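Some notes on the structure that comes next.
These numbers come from a predicted model, not from an experiment. So you know, we letter chains A, B, ... as the sequences are listed, proteins then strands, and number each from 1.
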Amino acid sequence: MSDTAEILEQAARWREAGSGVALATVVTTWGSSPRPVGAKLAVNDAGAMVGSVSGGCVEGAVVEQALEAIRDGKPRLLDFGVTNDQAWEVGLACGGKIQIFVERVE
Amino acid sequence: MKGRILDRVVAAEREHRSVALATDLATGRQLLFEGEHAEGDLALDDAALDRVREAWRTGRNRTIETASGRVFVEVLTPPNRCFMIGAVHIAQPLARMLTMADYAVTVIDPRGAFATRARFPDVELTQEWPDEALERLQPDRGSALVALTHDPKIDDPALAAALRSDCFYIGALGSRRNHAGRCARLKQLGFSDNDLARIHGPIGLAIGAVSPAEVAISIAAEMTQVLRHGEAAEAA
């Protein structure tokens, strides 16, 4: 089974079981980025996740936005760029930029 | 995303069909597209629909600008398949590796003692003859076939079926001498030198593999190379 299929099946199973579910998808990349366009992360309302949209650099922030999307139902377009050597800032160490779309599964 | 759209995407993957999903990045409205069929709450004009159709046909994701804003078009393709002829020792690590690399693996071996669930816990198994199985399974451009039995009765019909298909990778285990004999037999069936050049034999990248797992690595690596770089890049 493909990576994407596995993630979407898990999202469908969570929904079936009555959980709130959100999907995050990489829609644009610039420069070197850890995951290609189409890479996905599914999150449920308990904070469980499957898949990835970066090498782990921005997943924390994406999960937070996904939980917000599950609550308010609004889609979101998130931009992540290079970290500025500032501690605790969320960003990509690889020097790329990515744009991630987050949506609730209705 | 509507649950109905999610269910349809999951079903398409299971049934081995490609679909394109167009998403308005401002509103989240979506259109699921397959051939001439489209459904969803995103309205697109003809020009935008043409670009969605083009994405679906070529299998390439893209973001398009439309009258109403940016629309992300994602093509969801079914997993690649690998048909393994011969439930032999090498097939065990190879099946596991290819499963990890997102292939849907089918192991085909008419010899009952080999193709057992105990030896291959997580993949499709069939004891059909390869030509029957491949007639049913219809290899396509998302398919690879590896012939591993060393037995012409089993390998040759499978290779012939693969050569008549659009398989992106065909490999056959055996020495150079064995491979020359195999090519001579396939030639008698009417295949040309160009056809036979599609068969990777001896199979796998030359990394000095010795153990079954190492041979599996060399096969999986060669398959990946052909999948990602094509045959031409491999020769270069």
* side chain to side chain contact (heavy atoms under 4.5 Å, CB included) between A/Ile100 and A/Leu77, intermediate numbers included -> CA-CA 6 Å; A/Ile100 296 170; A/Leu77 198 54; over 6 Å; no
* Could you look at B/Leu6 and say if it's the side chain, the backbone, both or neither that has a heavy atom under 4.5 Å from chain A? => side chain
* Measure distances from B/Ala12 to the heavy atoms of chain A and classify the residue's part below 4.5 Å as side chain, backbone, both or neither. => neither
* To do: With a 4.5 angstrom heavy-atom cut-off, could you sort out which part of A/Arg15 is near chain B: side chain, backbone, both or neither?
  => side chain
* To do: Please assess B/Cys167 against B/Arg198 for the test side chain to side chain contact (heavy atoms under 4.5 Å, CB included), listing each intermediate value before the final yes or no.
  => CA-CA 9 Å; B/Cys167 272; B/Arg198 289 175 62 198; 4.2 Å; yes
* Do A/Lys40 and A/Thr25 get their side chains close enough for a donor-acceptor pair, meaning under 3.5 Å? -> yes
* Heavy-atom proximity to chain A below 4.5 Å, by part of B/Arg62 -> neither
* To do: Let me know if A/Leu8 has heavy atoms under 4.5 Å from chain B in its side chain, its backbone, both or neither.
  => both
* Do B/Ser18 and B/Trp56 have side chains that get closer than 4.5 Å, going by heavy atoms? -> yes
* To do: Examine the side chains of B/Arg70 and A/Thr28 and answer whether a donor and an acceptor come within less than 3.5 Å of each other.
  => yes
* Asked: Does any heavy atom of chain A fall under 4.5 Å from the side chain of B/Asp122, the backbone, both, or neither of them?
  -> neither
* Structure fact -> Whatever's closer than 4.5 Å to a heavy atom in chain A on B/Thr27 counts as backbone
* Check ion pair A/Asp3-A/Arg35 (N to O, under 4.0 angstrom) -> yes
* Heavy-atom pair count under 4.5 Å with chain B, highest-scoring of A/Ala11, A/Pro36, A/Gly38 -> A/Gly38
* Is it true that A/Arg71 and A/Glu68 make a salt bridge, defined as a side-chain N closer than 4.0 Å to a carboxylate O? -> yes
* chain B contact via A/Ala22 - which portion, at a heavy-atom distance below 4.5 Å -> neither
* To do: Identify which part of A/Gln99 has an atom lying under 4.5 Å from any heavy atom of chain B, answering side chain, backbone, both or neither.
  => side chain
* NZ/NE/NH1/NH2 to OD/OE distance under 4.0 Å, B/Arg81 and B/Asp140 -> yes
* Side chain from CB out, backbone as N, CA, C, O: work out which of these in B/Leu76 comes under 4.5 Å of a heavy atom of chain A, or both, or neither. => side chain
* Side chain from CB out, backbone as N, CA, C, O: work out which of these in A/Val102 comes under 4.5 Å of a heavy atom of chain B, or both, or neither. => neither
